[in-house]
Amino acid sequence: MDKPLSPTSIKDALQSVAPIGAIQVQGWIRTRRDSKDFSFIELNDGSSLRNLQIVAKNTLPNYAAVQRLSTGASITVTGALVASQGKGQKWELVADNIDIVGTADDSYPLQKKGHTPEFLREIAHLRPRSNLFSSIFRARSRLAFAVHQFFQERGFGYVHTPIITGSDCEGAGELFRVSTMDIKNPPQKNGEIDFAQDFFARPTYLTVSGQLEAEAFALALSKVYTFGPTFRAENSNTSRHASEFWMIEPEIAFCDLNGNMDLAEEFVKYLIADAREHCPEEMELFARFVDRELLSRLDFVMERPFQRITYTDAVDLLKKSGVKFEFPADYGLNLQSEHERWLTEKHFKCPVTVFDFPKEIKPFYMRVNDDGKTVAAIDLLVPGIGEIVGGSQREERLEMLEANMQRHNMDPADYKWYLDLRRYGTVPHSGFGLGFERMLMFITGISNIRDVIPFARTPGSAEF
RNA sequence: UCCAGCGUAGCUCAGUGGUAGAGCGGUCGGCUGUUAACCGAUUGGUCGUAGGUUCGAAUCCUACCGCUGGAGCCA
């Protein structure tokens with residue numbers, strides 16, 4: 001008796017170098033066309049952007065049922081992989097048997113025609129079956145792998161920093177509270193909510209950054225990175241913000257700001273190169289249907305060094321540009337979106353790393369420069385997205401760090417463990433945070449962050 | 001959160017005070033080694049929700065909800 005066939009992915013079937021006498025594929029019908037004596041089925045299993053053409057002859061015992069199959073139905077097909085007689089594909093599968101696994105009636109929302117991303121966002125559970133979104137999420141998967149590959153190849157350790165945290169990483173936005181207390185009747189003491197009776201016996205939150213914990217591990221394993229979910233309760237309603245997103249945060253001991261900038265630049269270029277190499281069909285689709293200039297822009301970014309400029313020089317450039325900005329640039333103020341866009345899109349026309357910002361507009365942990373006015377911070381700006389990386393050399397001098405905390409009205413007692421890192425064997429160290437989704441947007445050309453997240457969480461929206 | 005725009009058929013949209021429309025999709029028929037096939041017919045609506053103005057509202061007004069773009073915050 002023959003051994004049962006094990007399924008072949010459509011990706012592998014399409015890459016076959018020779019005909020195969022007996023093969024099994026499984027997937028979902030994208031479209032079906034009737035011919036005189038047979039029916040053509042376009043089958044997709046998500047392994048590839050491309051479909052496999054199934055030829056279903058009218059001699060199949062269930063041919064009548066096959067002719068009723070519509071877009072969205074799932075089938076298992078066995079048959080022979082043969083050279084296609086038609087144009088447009090090298091191989092096709094002549095079916096010996098078609099098992100109808102699951103039908104889909106005419107209420108199936110995905111039509112053969114193109115759909116807008118906005119409509120597909122409303123059916124987030126079905127949109128990965130579309131060409132655009134299956135491509136986006138294959139690219140997302142590949143690039144998540146590339147993140148690990150980049151750091152592992154360079155001797156970085158992967159640290160799982162906590163998702164539930166007791167520390168409010170100062171200045172990183174609003175927090176989601178984590179609690180098991182009865183919200184209708186929380187335990188109270190002296191008229192206030194008594195967090196000592198909560199699950200962790202203290203107020204706790206979903207993390208906004210793993211940086212502080214990553215620093216502890218950098219000062220032990222020398223080079224580390226985190227890659228995990230991050231949560232911000234900011235009421236931000238833009239195409240670049242989500243309440244839940246993934247962030248990559250490398251942290252390196254014995255590393256100054258220049259080393260930090262080098263790493264960030266190398267990392268961004270590595271991810272672009274990886275997508276170009278390993279997702280060629282997906283990138284081609286993005287270039288054709290999302291952003292016509294995508295590939296030339298990415299190649300340009302990969303080939304050229306990023307522009308580096310101090311905050312002070314950037315402000316001077318903006319002032320001398322002669323451009324009338326809605327908000328004029330001035331020393332001591334944050335760069336506005338329009339300023340960042342002018343720098344990357346109009347002036348330098350490439351990614352720009354701005355560094356050495358006034359200490360007043362940056363968080364307490366950044367290292368104060370010798371001028372006493374600026375801190376060793378970097379913002380990496382890319383065309384079309386804006387800030388994609390934010391980082392700094394960390395303040396490793398205990399007295400300076402304590403002084404910074406006082407200037408930011410923080411109680412050093414709340415950060416005893418963090419200060420210990422400076423008390424015992426402190427070293428210069430640096431790191432940055434890169435928003436994974438913003439990187440995906442830059443690489444795929446997709447302009448809304450909700451479209452690079454499988455099930456996006458944004459203010460007022462947590463369906464699915 | 002602020003500013004602007006938009007919510008009409010399953011989808012994309014037209015309709016700006018007087019009988020609710022088109023293309024695509026779906027369905028039926030025809031043709032066909034087809035390729036987002038083609039040809040013909042047909043189906044399809046609480047005009048976002050709730051009030052208001054008017055003889056009459058998809059159309060004008062108010063509020064709310066949702067979406068999109070921009071701003072702020074940031075990754």
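We name chains A, B, ... by the order of the sequence lines, and we start the count at 1 in each one. Just so you know, these numbers use all the heavy atoms, side chains as well, and skip hydrogens, waters and symmetry mates.
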Assign a letter to each nucleotide of nucleotides 23-34 of chain B from its 5' end: B, base within under 4.0 Å of a protein heavy atom; S, sugar-phosphate only; -, no contact. -SSS-----BBB

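- Taking atom CG on A/L335 and atom P on B/A71, their separation rounds to 14 Å, with Å as the unit.
- For A/M247, whose side chain is taken as the heavy atoms from C-beta onward, the closest listed nucleotide among B/G72, B/U12, B/A75 is B/A75.
- Comparing the same atom, C1', in B/U62 and in B/A57 gives a spacing of 15 Å after rounding to whole Å.
- The number of heavy-atom neighbours closer than 6.0 Å to CZ of A/F217, taken from other residues, nucleotides and ligands shown, is 12 or below.
- Note: CG (A/D451) to P (B/C67) measures 13 Å, nearest angstrom.
- Other residues, nucleotides and ligands contribute only 12 or fewer heavy atoms inside 6.0 Å of the NZ atom of A/K373.
- At a threshold of 4.0 angstrom between heavy atoms, the contacts of A/R50 with the nucleic acid are absent.
- No cation-pi contact links A/R394 to A/Y418, judged by a cut-off of 6.0 Å to the six-membered ring centre and 45° from its axis.
- Between A/S239 and B/G70 there is a side-chain polar atom (N or O) within less than 4.0 angstrom of OP1 or OP2.
- Taking the charged nitrogens against the carboxylate oxygens, A/R367 and A/D256 have no contact shorter than 4.0 Å, which rules out a salt bridge.
- Pairing partner, B/C6: B/G66, with both Watson-Crick or wobble hydrogen-bond distances short of 3.5 Å.
- Comparing B/A36 with B/G25, their P atoms are spaced 12 Å from each other, to the whole Å.
- Separating the P atom of B/G26 from that of B/A37 is a span of 9 Å, rounded to the nearest Å.
- Rounded to an integer number of Å, the gap from A/L271 CG to B/A75 P is 18 Å.
- The CD-P distance, from A/E234 to B/U1, rounds to 12 Å in whole Å.
- Residue-to-nucleotide contacts include a donor-acceptor pair under 3.5 Å from the side chain of A/H241 to the base of B/C74.
- The distance between atom CD1 of A/I378 and atom C1' of B/C74, rounded to the nearest whole Å, is 15 Å.
- Residue A/T230 is classed as having no contact, given no heavy-atom separation below 4.0 Å to the nucleic acid.
- Here A/G386 lies out of heavy-atom contact (under 4.0 Å) with every strand.
- Side-chain atoms of A/R30 stay outside donor-acceptor range of the base of B/A36, with no qualifying N/O pair under 3.5 Å.
- With P as the reference atom, B/A63 and B/G5 are 14 Å apart, rounded to whole Å.
- For A/R32 and B/A37, the CZ to P distance is 11 Å, given to the nearest whole Å.
- With salt bridges taken as basic N to acidic carboxylate O contacts below 4.0 Å, none links A/R142 and A/E282.
- Residue contacts for A/F119: at a heavy-atom cut-off of 4.0 Å it reaches the sugar-phosphate backbone alone, with no base atom in range.
- In this structure, A/S107 does not reach the B/G10 phosphate: none of its side-chain N or O atoms is under 4.0 Å from OP1 or OP2.
- Across all strands shown, B/U46 remains unpaired; no Watson-Crick or G-U wobble contact has both distances below 3.5 Å.
- A donor-acceptor contact under 3.5 angstrom links the side chains of A/Q26 and A/T76, judged on distance only.
- For B/G30 and B/G10, the P atoms lie 29 Å apart once the distance is rounded to whole Å.
- Between B/C6 and B/G15, the two P atoms lie 12 Å apart (nearest whole Å).
- Side chains of A/S84 and A/Q89: a donor on one and an acceptor on the other come within 3.5 Å.
- Put simply, CZ on A/R240 is 9 Å from C1' on B/G70, counting in whole angstrom units.
- Annotation: side chain to side chain donor-acceptor pair (under 3.5 Å) contacts involving residues 332-361 of chain A, sequence neighbours excluded, comprise A/D356-A/N369.
- The C1' atoms of B/G17 and B/C13 are separated by 22 Å, rounded to the nearest whole Å.
- When rounded to the nearest whole Å, the span between CD of A/Q336 and P of B/C74 equals 11 Å.
- Checking B/U1, B/A75, B/G72 against the side-chain heavy atoms of A/R438 singles out B/A75 as nearest.
- Across B/U8 and B/C3, the matching C1' atoms stand 26 Å from one another, rounded to whole Å.
- At B/G69, one or more side-chain N or O atoms of A/N448 fall inside 4.0 Å of OP1 or OP2 (strictly under the cut-off).
- Listed nucleotides: B/U1, B/G72, B/A75. Nearest to the side chain of A/N237: B/U1.
- Each of A/F267, A/F442, A/W246, A/F227 was evaluated against A/F436; a single residue qualifies, A/F227, per the ring-ring contact (aromatic ring centres under 6.0 Å, His included) test.
- Looking at A/S236, its side chain comes within 3.5 Å of the base of B/C73 through a donor and an acceptor atom.
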